Amino acid sequence: MKKVNIEKNAAAFIYQDDVHVTEHDKNLWNARVKRDKAASEIPEWEELRNLASAIKEHTLTHLDKYIEQFVENAEKRGIKVHFAKDAIEHNAIAYEILSSHNVKNIIKSKSMLQEECGMTPFLEEKGINVLETDLGERIQQLSGQLPSHIVMPAIHQTKEDVAKLFAEKIGTDPNDTDPSSLNTAMRNNARPKFLVADAGMTGGNFAIAETGTFVVCTNEGNADLTASLPPLHIASIGIEKILPKVEDLGVFIRILSRSALGTPATQYTSHFSGPRAGSTMHIILTDNGRSKRLAMDEFWTSLKCIRCGACMNTCPVYRRSSGLAYSATYSGPIGIIIDPTFDPKKYSELPYHSSLCGSCTEVCPVHINIAEQIMDWRKVMMKNKEVDFSRRMAFKAAGVVLSNPKLFRVVEKVAYNAINILPEAITENKTLDPWAAHRKLPDVKKETFRDWYIKNRKSNEQ
Amino acid sequence: MSNKQEFLQSVRESLKKRTKIEYPKIPTYEKENVDLKSLFEINLKLAAVDFYDVSSVEEAQKIMQEKLPDTKVVCSATDEWKGNKDINKIARPQDLADVDLGIFRAEFGVAEMGMVWVTEKSLKVNAIGFLSQHLAVLLDPANITENMHTAYNIPGLFDVNYGCFVMGPSATADIGAVLVRGAQGAKSLTLFFLKK
């Protein structure tokens, strides 16, 4: 797999015009502000985060037991459970179920796991029509792009972009950029397709071991339409979504949407404990690298993630580069620490797409130490020599210089001279360093901090 | 395809490297002297729910006629309210696609969230909650629980195959981050406090 050039992708988003990056940044920061307000209204907010983290860590460290319990209880209720060790098996199982029911048209609600498995293109190739029913996912499907955010899949597009897309694809007035009328147009376009679908597919936000129930959280009601109309419901669930008890949901439902969008909960919190009368229900319980991650000492806690997107909304780098820059199912800070577990070569540059400010760790509702893990991934990439030679040498040089005070002082002076002598063609060369585009190095003072400190120490000490 | 034992084996292999973490005790965070109905109403407003105290179904029907005068097809999942489309005669859930106003009685409300709990029992045909253009929901004001912890502690919650916490009409902010009510599900939700 070709290495993702995240810097180039980010630059493409930032420099397309003056509108997109500003809107994107503003909209995501708004979500962060709303999250803070929602959190401040719950006196026990911090306790809930601690509980959520502890419940997840408990479950993950007893995962074999809870998987068995979940499967046993779901089967007791008439749900057929399948096991997929990877994406290939997941897709093969889905296709097998669908073809045994002669399914031609599927409606589906948002599932990051199905995205991760590349399920939609796989099924389309087999001749099955797949309709994304979440508005943002539908916009992305029509755009031929991956979702750019796990909660707001099309947040990198402006309403003008959507108006243009809908005009092209579903025949709306290209000059009508009103989100409400665009929404109505898609509602009217999608509804007849809901009614003729042969199967519905969903993901699952949580799966409860003690009852075999899975829970799906949506705002649009599309998952419930997906589940309540066709005679067949298939849910794809990652093994890390399991929780031991019903009461655990009290903690997670209270923090999920507050962290994501600053709303008390999603409009619909739907609980499926068995097939509805006259219909069939399947669960594809999927590993796809999760058990491998569970064995990774530095990275296993990334399995606690509840996919709220709070780390994306707060990340200053994500807000400016957009999710598409990551060219991965998961973008933003959580993407940086999950994606390399799927392909350490392809995603080797991702850990450098961070200022390490730590804001992601601060807002994570389940206390994943995201910033630390980003740092740890950098170490892995250096060790595995996944990083470009020039950057590796630069870090190596920095390591030598910074650990030797005398050498540091010499280099400091040399650097001053170099920056003042070398032409901008070298110091701000876009090819050598893509970050140099549209950025100027600050003027460097001849007097170093050390010079200044020695000169001023006496007067400061008085 | 993987069998269950192989699937579990790879998890068990990884767990050898993990130290077991204890399960925490989860409090219910109930507050003292909470007026459940007023707290519920504050959060209904946040979720864009119109609500009314009524003493009869006729009163509620009159309010809905004024609110939605163009309503043609009315389908009710509760015997208290008679519509003009009989939910008991529905052959397929898709047959509810023409419903303008869907009606059901919610089982309880959650004060903290402004949401109501509905199940296949209260909906009769689940799709009525999502295909109807507009919803009218009846709720006994005595059936309000304080928060999500107390809600999930209600015994037998998942004895049904389907249960849903509904918090107002459907919504999306997927176009330009602008909030729009009435995405794929109901465009509006009106709640009537009416004793059972």
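This is a predicted model, so every value here is computed, not measured. Labels below follow one simple rule: chain letters A, B, ... track the order of the sequence lines, proteins then strands, and each chain is numbered from 1.
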Select one option (side chain, backbone, both, neither) describing which atoms of [X] are under 4.5 Å from chain B's heavy atoms.
| X | result |
| --- | --- |
| A:I79 | neither |
| A:E57 | both |
| A:V251 | both |
| A:S53 | neither |
| A:N30 | neither |
| A:R191 | side chain |
| A:K26 | neither |
| A:V71 | side chain |
| A:T218 | neither |
| A:I155 | side chain |
| A:D248 | both |

Discussion item. Does this structure show an ion pair linking A:E68 with B:R12, if we count only N-O contacts that are shorter than 4.0 Å?
Written reply: yes

Taking the six-membered ring for Trp, are [X] and [Y] closer than 6.0 Å centroid to centroid?
| X | Y | result |
| --- | --- | --- |
| A:H271 | B:Y152 | yes |
| A:F83 | A:H90 | no |
| B:Y162 | A:F272 | yes |
| A:F252 | A:F206 | yes |

Heavy atoms only, distances under 4.5 angstrom: which of [options] has the most pairs with chain B? Name it, please.
| options | value |
| --- | --- |
| A:N27, A:T59, A:D224 | A:D224 |
| A:K159, A:E160, A:K85, A:M281 | A:K85 |
| A:G221, A:S180, A:A265 | A:A265 |
| A:I42, A:L51, A:I208 | A:L51 |
| A:P43, A:G278, A:A277, A:P275 | A:P275 |
| A:P179, A:A227, A:P264 | A:P179 |

Response to the item:
Paired with B:I144, the side chain to side chain contact (heavy atoms under 4.5 Å, CB included) test is passed by just one of B:L39, B:L139, B:T150, namely B:L139

Practice prompt. Among A:E247, A:R254, A:E44, find the residue that satisfies the side-chain hydrogen bond (donor to acceptor under 3.5 Å, both in side chains) test when tested with B:H149.
Written response: A:R254

Answer yes if the side chains of [X] and [Y] hold a donor-acceptor pair under 3.5 Å, and no otherwise.
| X | Y | value |
| --- | --- | --- |
| B:Y29 | A:E47 | yes |
| A:T133 | A:N222 | yes |
| B:T172 | A:E220 | yes |

Counting heavy-atom pairs under 4.5 Å with chain A, which one of [options] comes out on top?
| options | value |
| --- | --- |
| B:K20, B:R18, B:K17 | B:R18 |
| B:R92, B:K25, B:E112 | B:E112 |
| B:S170, B:A127, B:A97 | B:S170 |
| B:S14, B:G168, B:G185 | B:S14 |

Worksheet, complete the sentence: Separation between NZ (B:K85) and CG (B:L101), nearest 0.5 Å, reads 13.5 Å

Worksheet item: Atom NZ in B:K31, atom CG in B:N147: separation rounded to 0.5 Å?
Response: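 Answer rounded to 0.5 Å: 7.0 Å.
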
Discussion item. Against the six-membered ring of B:F104, is B:K121 placed for a cation-pi contact (under 6.0 Å from the centre, within 45° of the normal)?
Written reply: no

Need one label for [X]: side chain, backbone, both or neither, based on atoms under 4.5 Å from any heavy atom in chain A.
| X | answer |
| --- | --- |
| B:V11 | both |
| B:E22 | backbone |
| B:V118 | neither |
| B:A151 | neither |
| B:Q9 | neither |
| B:T19 | backbone |

Worksheet item: Between B:W81 and B:F192, how do the two ring planes meet: parallel, tilted or perpendicular, split at 30° and 60°?
Response: tilted

Discussion item. Walk me through whether B:F40 and B:F51 qualify under ring pair (Phe, Tyr, Trp, His ring centres under 6.0 Å).
Written reply: CA-CA 11 Å; B:F40 185 57; B:F51 54 88; 8.0 Å; no

